[in-house]
There are 2 protein chains.
Amino acid sequence: MTPDRRSPRLKDVAEAAGVHISTASRALNERTAALLNPATLERVRETADGLGYRVNGMARALKTRRSMSIGMVVPDITNPFFPPVVRGAEDVLDRAGYSLLLSSSDNDLGRARRQTAAMLEGQADGLLLAMARRDDPLVAELRAGGTPLVLVNRTIDRGGVSAVIPDDFHGALEAVEHLYALGHRRLAFVGGPLSTSNGARRRASFDETVQRLGLPEVAALEAVAFDEQAGYAAAQTLLAEHPRITGVVAGNDLIAVGIIVAAAERGRNCPRDISVVGFNDMLLAGRLQPPLTTIRIPQYDVGTRAAELLMALVADPARSPETVLISGELVVRGSTAPPPASD
Amino acid sequence: MTPDRRSPRLKDVAEAAGVHISTASRALNERTAALLNPATLERVRETADGLGYRVNGMARALKTRRSMSIGMVVPDITNPFFPPVVRGAEDVLDRAGYSLLLSSSDNDLGRARRQTAAMLEGQADGLLLAMARRDDPLVAELRAGGTPLVLVNRTIDRGGVSAVIPDDFHGALEAVEHLYALGHRRLAFVGGPLSTSNGARRRASFDETVQRLGLPEVAALEAVAFDEQAGYAAAQTLLAEHPRITGVVAGNDLIAVGIIVAAAERGRNCPRDISVVGFNDMLLAGRLQPPLTTIRIPQYDVGTRAAELLMALVADPARSPETVLISGELVVRGSTAPPPASD
DNA sequence: CCAACGGTTGCAAACGTTTGCAATGAAGCT
DNA sequence: AGCTTCATTGCAAACGTTTGCAACCGTTGG
């Protein structure tokens with residue numbers, strides 16, 4: 001009954017406008033529109049609007065070999081660190097006309113592999129990878145495949161690939177020095193997994209700094225993940241085995257929260273009995289009980305810089321890899337204080 | 001020098017395996033693999049692996065008219081409410097073999113329109129919309145366009161479209177009754193924008209419930225957004241104009257935080273002088289100062305249910321619209337207490 | 001008046017798949 | 001032996017664009 005044609009194709013608008021399909025194509029394409037007679041251009045555009053024409057991105061992508069989409073994989077979008085970086089990336093991609101394909105890998109290599117494969121099948125023009133481990137085989141594969149790639153937040157040990165990461169070394173150093181300045185001398189580090197660059201680098205920085213400061217009694221533990229639960233578990237061990245510790249620098253804010261909770265359960269109040277400094281300054285970190293002293297990483301900027309770098313890489317695949325370090329700054333709030341007087 | 005062929009096409013694996021391209025296609029497709037002789041099937045698959053063949057999703061999508069991707073637009077991924085729902089959606093889509101295109105609209109209709117248009121040009125098979133306003137013209141357009149659609153978190157007034165939303169009415173009712181049970185009699189509501197379904201419904205529920213309870217002195221304000229800053233601003237007015245209020249139900253947790261901060265600045269401590277109950281139970285709500293009493297909405301489930309509904313809709317576009325209400329439950333923590341004794 | 005030219009437009013060949021249909025050959029049945 | 005049936009594979013036509021090339025036309029300069 002109804003004509004009920006599916007959505008109009010280029011051919012339809014060409015016919016309706018009385019021009020050849022290639023002319024219609026050129027009219028609807030910014031880059032080629034200049035070739036046309038202004039009058040025809042106008043006419044084609046109007047009939048296209050009238051018909052509610054919408055270009056078929058698949059056909060276009062097939063022909064042009066560009067999907068105008070970028071894939072991004074994070075460990076878990078639910079971790080408060082990532083939304084701002086995703087948002088940053090999204091904003092610059094959006095401005096560049098790209099769409100963002102997002103997925104969470106849960107730190108599962110197999111899952112990440114499937115997800116990136118799907119993204120590449122979908123012809124993503126580039127990848128933003130925020131889940132890399134230091135020896136990640138996946139990024140090696142991907143790099144070999146020639147996909148424009150930028151690592152976010154975490155990088156790999158052997159370089160050769162672009163990355164945008166926080167200045168882990170400087171951050172952890174600031175954290176230690178802050179505690180030292182407050183008078184703490186027995187410090188601990190409860191970091192994230194050493195298999196990640198930020199776990200390892202923050203740890204290395206802690207080690208070096210406490211040694212330089214000549215601190216007598218230190219401990220360093222590795223939480224199994226960058227989350228509250230892992231921080232809580234690691235803190236259990238720490239508090240049991242090193243009861244004299246008064247200051248701890250945490251692998252990130254979530255781990256810090258876990259430590260504070262574990263301490264409270266043992267009757268040790270933060271910051272009265274024990275000080276802890278987080279890392280990242282995640283959303284609401286300043287509204288927690290106690291408000292977290294932490295190393296602020298401009299998360300949004302991490303996202304924008306990474307996306308900008310990727311855009312440059314997409315434009316020029318031969319561009320040589322570079323890694324940009326985003327520096328953080330100490331923001332002191334309520335979770336740190338001088339050590340107990342008895343000390 | 002190097003043969004340097006671009007990535008292999010179906011034709012390449014077909015030739016390498018000594019079969020026709022159509023046979024190769026069938027071999028690489030789960031659905032059609034059964035048609036083939038097991039021996040050829042095996043052979044084709046092995047040579048495909050050997051060559052590192054990866055199907056061109058664009059070509060496939062062009063032919064099949066399915067991109068196996070779903071678009072999702074949220075107001076702002078940075079709002080802690082959304083990451084869990086995105087994650088929920090992602091998980092079920094992933095299992096169904098779909099990818100997720102994400103974008104943040106910032107409650108800007110124009111931006112949302114551009115984003116959905118881009119998603120549709122990219123041939124997204126369906127849309128998850130979490131940014132709808134009650135009279136949103138965009139969802140009307142989209143629905144007219146025949147795109148499989150499900151609204152998330154917010155719905156429109158005139159039905160006709162599937163949606164997965166929290167049970168706003170019941171939630172707000174529980175919040176009011178909780179305060180009432182604690183002894184509060186002078187209540188206020190600081191809700192989100194009335195242009196959103198959850199802003200309006202929570203407000204309506206508040207109004208009806210306080211009336212039913214016969215409360216003598218109430219106030220109801222509208223924050224301009226569901227964030228801390230808007231909550232803070234609205235609270236300024238509230239505290240100035242209705243100083244005798246002792247209990248307030250907030251439009252969501254972020255607004256609650258804003259209220260608590262504003263109250264503190266006026267020397268009114270929560271919960272000693274004023275009680276506030278939030279909505280959603282966002283991440284870390286229980287770790288705030290004070291820990292938030294709130295209506296817990298299972299955010300992850302909202303995402304999964306929405307994605308499931310959308311998958312059903314994609315499979316059968318004629319399926320009639322349905323709206324599923326996700327119910328919340330009161331979780332009482334530290335931000336509510338009996339009103340001051342002087343009361 | 002002719003040739004060259006620039007501005008517009010049309011032509012047709014891709015891009016890499018999927019899939020209805022036809023062809024082939026082997027096996028089963030009467 | 002001849003006919004049917006079935007399993008397997010090949011053929012070729014799409015899917016909706018983009019784009020190098022050629023053609024056309026009215027101008028312009030010599």
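Lettering of chains follows the sequences in order, A, B, ..., and the numbering in each one begins at 1. Atoms considered below: every heavy atom in the structure, side chains included; atoms not considered: hydrogens, waters and symmetry mates. In this text the structure is predicted, and so the values were computed from the model without any measurement.
- Atoms CE and CE, on B:M72 and B:M119 in that order, are 9.5 Å from each other to the nearest 0.5 Å.
- For the pair A:R9 and D:dG16, the criterion of a side-chain N or O lying under 4.0 Å from OP1 or OP2 is met.
- The line from CZ of A:R305 to CD1 of A:I165 is 12.5 Å long, rounded to the nearest 0.5 Å.
- Atoms CG and CG, from B:L128 and B:N153 in turn, are 11.5 Å apart once rounded to the nearest 0.5 Å.
- Each of C:dT17, C:dT9, D:dT17 was ranked by its minimum atom distance to the side chain of A:R26; first place goes to C:dT9.
- Along DNA chain C, the nucleotide nearest B:L62 and the nucleotide nearest B:H20 are compared for position; the residue whose nucleotide lies closer to the 5' end is B:L62.
- Nucleic acid contact for A:T32: none, since no nucleic acid atom lies under 4.0 Å from a heavy atom of the residue.
- Using a 4.0 Å heavy-atom cutoff across all strands shown, A:R31 reaches sugar-phosphate atoms only and no base atom.
- Note: CG (A:L35) to P (D:dC21) measures 15 Å, nearest angstrom.
- Looking at A:D106, its side chain never comes within 3.5 Å of a backbone N or O of A:D108 through a donor-acceptor pair.
- To the nearest angstrom, P of C:dG7 lies 16 Å from CG of A:L41.
- One can place CG of A:L28 at 9 Å from P of D:dT17, the figure rounded to the nearest angstrom.
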List, one per line, each side-chain donor-acceptor pair under 3.5 Å for residues 140-149 of chain A, sequence neighbours excluded.
| residue | atom | partner | partner atom | Å |
| --- | --- | --- | --- | --- |
| A:E141 | OE1 | A:R113 | NH1 | 2.7 |
| A:E141 | OE2 | A:R113 | NH1 | 2.3 |
| A:R143 | NH1 | A:G160 | O | 3.4 |

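- If you check every strand for non-hydrogen atoms under 4.0 Å, A:T64 touches sugar and phosphate atoms only.
- The nucleotide whose nearest atom lies closest to any side-chain atom of B:S22 is, among C:dG16, D:dG10, D:dT19, D:dG10.
- The existence of a salt bridge linking B:D91 and A:R111 is confirmed by a sub-4.0 Å separation between a basic side-chain nitrogen and an acidic carboxylate oxygen.
- Straight-line distance from the CG atom of B:L36 to the P atom of C:dT19: 14 Å, rounded to whole Å.
- Although no hydrogens or angles enter the test, the distance criterion places a donor-acceptor pair under 3.5 Å between the side chain of A:R45 and the main chain of A:A27.
- The distance between atom NZ of A:K63 and atom P of C:dT17, rounded to the nearest whole Å, is 15 Å.
- Atom CE of B:M58 is separated from atom C1' of D:dT17 by 13 Å (rounded to the nearest Å).
- Checking D:dT8, C:dT18, D:dT17 against the side-chain heavy atoms of B:P38 singles out D:dT8 as nearest.
- Along DNA chain D, the nucleotide nearest to A:T23 and the one nearest to B:N37 differ in position, and the one closer to the 5' end is contacted by B:N37.
- Distance B:K11 NZ to D:dG10 P: 15 Å, rounded to the nearest Å.
- At a cut-off of 3.5 angstrom, the base of D:dG16 holds no donor-acceptor pair with the side chain of B:R65.
- One finds a side-chain N or O of B:T40 lying less than 4.0 angstrom from the OP1 or OP2 phosphate oxygen of D:dT9.
- With rounding to the nearest 0.5 angstrom, the CG atom of B:L41 is 9.0 Å from the CG atom of B:L28.
- Taken over five-pair windows at either terminus, the axes of the helix from C:dC1-D:dG30 to C:dT30-D:dA1 are inclined to one another by 50° (rounded to 10 degrees).
- Counting to the nearest Å, the P atom of D:dG10 and the CD1 atom of B:I21 are 11 Å from each other.
- Of the listed nucleotides (C:dT17, D:dC21, C:dT18), C:dT17 has the atom at the smallest distance from the side chain of B:N56.
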